[in-house]
Amino acid sequence: MNVRTRFAPSPTGFMHMGGVRTALYAYLLAKKYGGQFILRIEDTDQGRLVEGATEVIYQTLKECGLNWDEGPDIGGPCGPYIQSERKQLYLPYAQQLVKSGHAYYCFCTKEELDERRAAAEARGETFKYDKHCLHLSQEEVDRRLADHVPYVIRMNAPTEGETSYHDLVFGDISMPNDTLDDMVLIKADGMPTYNFANVIDDHLMGITHVMRGMEYLSSTPKYNLLYQAFGWEIPQYIHLPTVMRDAQHKLSKRDGDAYYSDFIDKGYLTEALINYLALVGWNPGDDREFFTLDELVDAFDVKGINRAPGIFDVEKLRWFNFEYIRKLPFETYLSKVTPWFDQVLDPARFDYRRLAELMQDRTEIFSEVPDKVRFLSQWPAFDSALFVNKKQKSTLESALVSLRLVEPILEGLSDWAEQPIHDAVMNAIAESGMKNATVLWPMRIALSGQLATPGGAFEIAYLLGREESLRRIRASIETLS
RNA sequence: GCCUCCAUUGUCUAGAGGCCUAGGACGCCGCCCUCUCAAGGCGGAAACAUGGGUUCGAAUCCCAUUGGGGGUGCCA
């Protein structure tokens, strides 16, 4: 069987991580079976359109490697792939349903409905449209239509019995029909609702597997009624558990970390994002954790999708990102980290290559790089207490002795490179009879002004250069004297 | 309120009646290595929501309770 899936976002803003995951799974399923992954833009809500949002969708999907086989920009046999461009196509289908008695014209205004809805809520009841307009005589309907009275077309849902369906993730779901509202199919502005356009387009585009968030779980029976009214084959349903921020909240824009672009801006790698996202709500059935997109295609199986909502764990994402950064070819890492170095360092003054070598194993997310290397250009003010370290047998007194030992050595060095610095200092330490750590600890502290540094005393001395290294050591000697 | 879905360590999860004194990963803690922090090596704490059933036997099946999610729009 040919598998056709689609990602059908609304262009209402940035790409939400939950959306990226939905797109990912839809892509994986299609590719797993050699089928097609289709991109369809659902812009039926005129009021919510955001300029540029469609481009963001294209851009994000491309960056993630989720290349679509058919879509608005590249076309395909079922176009157009933007619903607003298909507008005139939906009405005839709705009219067909009116003819067959599965739908009807409704002239009730939004205002009076809102009022009745509010009243029902006040009474603690669930509002349900009372099918008032279903009982209008044919003559009355024709008259109002002829008079151009604004109308919508509603589905005529059954009121008794129950409708059930099978979901590949959640199993059998059934809903009492009396909870089904007569949903609007065609809006007063002539646009179809999501509910209607989705069914029509999925059918027309030959979608075999409908993948979407589980918020659609309870409205799916209504879609099935539509398929049945048309006599169309119902697609396979794959509803996905929600991606959560914590146990009670969805990942949301307010947290500032719901959008794909938020993470990219912070310095997360797309590959790490995709790898991690795949694992929120799905597992390969074994202990593997690292997957390229192609490997995901191989491993993907609907059976591995979970039912419970999953919390998006930034800590684990950090770890994935860290692992991916470590595995980056050095040149790639260097080019990616350079702009972050540039934020706090003067490229002319520092050996970026050497610094990058030291930093690659210490970078979890790129946005944290500036704070880790800033000390190279700005010697931080620090407490002399940092010189004291029991384990390294370093005291304020020994630190002073050590720095006085090191200072002339560095000053006299003819070749300012790591190895000569290392050899000269180690020789001096050996001659002095002091413990390595007792000298190197204060040297590193004096050079960096901080406890944790990317690299040891020799590396930092090298990066800083002779002049700056001596300046910092002399200043420290003065402070300690 | 009504409808509906879900429920294993802090988090992602393995587990489809005996293989479970519940496995892996992140995080956390300790030790080793070490001029720091990491990395690396070794070890540790940490879970089957509760109560009833069914069964020789339940994390696994059923029911209830509790908790949480979703729906209840001329939004998607």
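A, B, ... follow the sequence lines: proteins, then strands. Residue 1 opens every chain. These numbers come from a predicted model, not from an experiment.
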B/A7 versus B/U60 - spacing of their C1' atoms, nearest Å = 14 Å
Nearest of B/C74, B/A14, B/C37 to any side-chain atom of A/Asn283?
-> B/A14
NA contact type, A/Lys391, heavy-atom cut-off 4.0 Å: base, sugar-phosphate, or nothing?
-> base
Is it the case that A/Arg154 places NZ or CZ above or below the six-membered ring of A/Tyr129, under 6.0 angstrom from the centre and within 45 degrees of the axis?
-> yes
Between A/Tyr151 and A/Lys187, is there a cation-pi geometry (under 6.0 Å to ring centre, at most 45° from the normal)?
-> no
For A/Phe290, report the nucleic acid contact type (base, sugar-phosphate, nothing); a contact means any heavy atom under 4.0 Å.
-> nothing
Residues A/Arg144 and A/Asp147 bridged, charged N to O under 4.0 Å | no
Same-atom distance (P) from B/G30 to B/G68, integer angstrom = 35 Å
Please determine which of A/Tyr223, A/Tyr194, A/Phe170, A/Tyr237 meets the ring pair (Phe, Tyr, Trp, His ring centres under 6.0 Å) test together with A/Tyr216.
-> A/Tyr194
When you get a sec, tell me which of B/G23, B/G69, B/U11 is the closest nucleotide to the side chain of A/Ile311?
-> B/U11
B/C2 - base-pair partner by Watson-Crick or wobble geometry, distances under 3.5 Å | B/G71
Which whole number of Å gives the distance between the C1' atom of B/U21 and that of B/C28?
-> 24 Å
Residues A/Arg288, A/Asp286: salt bridge by 4.0 Å N-O rule = yes
What does A/Arg117 touch in the nucleic acid at a heavy-atom separation under 4.0 angstrom: a base, only the sugar-phosphate, or nothing?
-> sugar-phosphate
Go through B/U13, B/C26, B/G73 for me and flag the one nearest to the A/Asn306 side chain.
-> B/U13
Which nucleotide in B/A38, B/C35, B/A14 has an atom nearest any side-chain atom of A/Phe458 = B/C35
Could you check which nucleotide pairs with B/U34 in any of the strands shown, counting Watson-Crick or G-U wobble with both distances under 3.5 Å?
-> none
Just wondering, do A/Leu355 and A/Leu345 contact through their side chains at under 4.5 Å, heavy atoms?
-> yes
Please tell me which of the listed nucleotides, B/G69, B/G71, B/U36, lies nearest to the side chain of A/Met214?
-> B/G69
Scan A/Ser174 against the nucleic acid and name what it touches under 4.0 Å (heavy atoms): base, sugar-phosphate only, or nothing.
-> sugar-phosphate
Under 4.0 Å between any heavy atoms, over every strand shown, what does A/Gly47 touch: base, sugar-phosphate, or nothing? Just pick one.
-> nothing
What is the nucleic acid contact for A/Tyr216, judged by heavy atoms within less than 4.0 Å: base, sugar-phosphate only, or nothing?
-> base
5'-most contact on RNA chain B (nearest-nucleotide basis), A/Gly304 vs A/Pro454, goes to A/Gly304
What nucleotide among B/C75, B/C74, B/C3 has an atom nearest to a side-chain atom of A/Asp45?
-> B/C75
Atom-to-atom span, OH of A/Tyr237 to P of B/C5 - whole angstrom | 16 Å
5' precedence on RNA chain B between A/Lys303 and A/Gly281 (nearest-nucleotide basis) = A/Gly281
A/Arg212 near the nucleic acid: base, sugar-phosphate alone, or nothing, with a heavy-atom cut-off under 4.0 Å?
-> nothing
From B/A76, B/G69, B/C35, pick the nucleotide closest to the side chain of A/Arg444?
-> B/C35
Ignoring the backbone of A/Ile173, work out which of B/C26, B/U4, B/G71 is nearest its side chain.
-> B/U4
Is there a Watson-Crick or G-U wobble partner for B/G18 with both distances under 3.5 Å, and which nucleotide is it?
-> B/C56
Give the nucleotide from the list B/C35, B/A25, B/C6 with an atom nearest to the side chain of A/Lys316.
-> B/A25
Hey, is A/Glu115 close enough to A/Arg117 for a salt bridge, meaning N to O under 4.0 Å?
-> no
How long is the line joining CG of A/Leu180 and C1' of B/G71, in whole Å?
-> 11 Å
On a plain distance test, is the side chain of A/Arg307 in donor-acceptor contact with the base of B/C6 below 3.5 Å?
-> no
A/Thr12 near the nucleic acid: base, sugar-phosphate alone, or nothing, with a heavy-atom cut-off under 4.0 Å?
-> nothing
Go ahead and name the base partner of B/A7; Watson-Crick or wobble counts if both distances stay under 3.5 Å, otherwise write none.
-> B/U66
Touch class at under 4.0 angstrom, heavy-atom based, for A/Val280 against every strand present = sugar-phosphate
Give A/Ala308 one of three labels, base, sugar-phosphate or nothing, depending on what nucleic acid heavy atoms sit under 4.0 Å from its own.
-> sugar-phosphate
Which one, B/U4, B/G68, B/A76, comes nearest to the side chain of A/Pro176?
-> B/U4
Select base, sugar-phosphate, or nothing to describe what A/Ala437 touches, counting heavy atoms under 4.0 Å on all strands.
-> sugar-phosphate
